Amino acid sequence: MQLGILYGISVGTGDPDLITVKGLRILQTVDIVTFPQGIGDKLGVAEKIIRQWLKPQQTTIALDFPYVREQDILESAWQKSAKIIGQYLQQGKNVAFACEGDVSFYSTFTYLANTLKQLHPEAIIETVPGVCSPTAAASDLQIPLTVRNQRLTILPAMYTVEELETALDSAEVVVLLKVSSVYQQVWQILQKRGLLNSSWVVEKASYSDRKIYRNLQLHPNLKLPYFSLLLIQVC
Ligand SMILES: C[S@@+](CC[C@H](N)C(=O)[O-])C[C@H]1O[C@@H](n2cnc3c(N)ncnc32)[C@H](O)[C@@H]1O
């Protein structure tokens, strides 16, 4: 039997309407829809975004990707999920993996797809691009992310003070992901450089209950959720 196809579908950053027409078409025609499991008994983020688009006859599977840094725990989670998906592909069923934001932008899907390829080198994997958090945040702020020949630097996580200083020295626009745990240190650097008035925090970009913090001079101690980013216009 011919193997089914695994689709990595970008479902956008929160607003369910941000999924692409192509992503939606594939999402609604596959047999099996998978997504990362939520924390505790909460629904996962991607699941919440897509649930209004699913058909009653579709099978949904929440896959467990623990929020840890230990490589062996992560690898065993990717293996387990890839095996589950592999079983359906071997039955000739098509499987979608719904990914928050864009599937090629710091996504678990990359690891899952690589693991599946190791288990089933013959598997066909396709991705559908979508809206990622920096572009969704720029839209919420009603500003262009970049113009003319501006250089954009994105720091994904765990950046050091030196990394941030280097980014601010070399790019005109800097986006900091996973900023919640380092916000106060970042604030100090922005203050030192006089950049607090050209920096914005966007919490839950594209959600109906998103929050935007514009004058960061007033907000040295924000307690931010995981789904927050900071956008800096350096000049
Ligand atoms: C592992 S990355 C995933 C990025 C995602 N694939 C994307 O396309 O944006 C997680 C980080 O992306 C940022 N992020 C994702 N969605 C967001 C949203 N709706 N609002 C603000 N930041 C978001 C946050 O900084 C979060 O800590």
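Note that ligands are numbered from 1 as they come in the structure, with each ligand's atoms numbered from 1 the same way. Everything quoted here is computed from the prediction, not taken from an experiment.
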Applying a 4.0 Å heavy-atom criterion (strictly less than), which segment of [X] is in contact with ligand 1: side chain, backbone, both, or neither?
X	value
S228	backbone
C132	both
K204	backbone

How far is [atom] from its nearest protein heavy atom, and which residue and atom name does that atom have?
atom	result
atom 21 (C) of ligand 1	F227 O, 3.2 Å
atom 16 (N) of ligand 1	E100 OE2, 2.7 Å
atom 12 (O) of ligand 1	S133 OG, 3.8 Å
atom 27 (O) of ligand 1	Y226 O, 2.8 Å
atom 2 (S) of ligand 1	Y106 O, 3.9 Å

Atoms of ligand 1 close to [X] [distance to a heavy atom under 4.0 angstrom, numbered from 1]:
X	value
V202	21 (C)
G101	7 (C), 8 (O)
D102	6 (N), 7 (C), 8 (O)
L177	13 (C), 25 (O)

Open item on the list: Are there over 12 heavy-atom neighbours, none belonging to E122, within less than 6.0 Å of that residue's CD?
Closed with: yes
- [ ] Might you confirm whether atom NZ of K117 has over 12 heavy atoms from other residues, nucleotides or ligands at distances under 6.0 Å?
- [x]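 Check passes, neighbour count above 12.
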Task: Y207 backbone acceptor or donor facing D15 side chain under 3.5 Å - done: no
Open item on the list: When you measure from the side chain of S139 to the backbone of T135, do you find a donor-acceptor pair of N or O atoms at a distance under 3.5 Å?
Closed with: no
Heteroatom distance test ([X], ligand 1): nitrogen or oxygen, under 3.5 angstrom:
X	value
Y207	no
F105	yes
A205	yes

Task: Minimal non-hydrogen separation, A171 against R151, with atom names - done: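 Looking at all heavy atoms of both residues, the closest pair is CB-O, 3.6 Å.
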TODO: Return the set of residues passing ring-ring contact (aromatic ring centres under 6.0 Å, His included) with W200 (not counting sequence neighbours), or none when no residue passes.
DONE: none
TODO: Assign the ring pair H219 / Y213 to parallel, tilted or perpendicular, where the plane angle (0 to 90°) is split at 30° and 60°.
DONE: perpendicular
Task: Salt bridge present between D140 and K204 (N-O < 4.0 angstrom) - done: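 So D140 does not pair with K204 through a salt bridge.
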Task: Counterpart residues, side chain to side chain contact (heavy atoms under 4.5 Å, CB included), relative to Q37 (two or more places apart) - done: A62, D64
Open item on the list: Distance check, rounded to the nearest 0.5 Å: K178 atom NZ versus Y226 atom OH?
Closed with: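 It is 3.5 Å, given to the nearest 0.5 Å.
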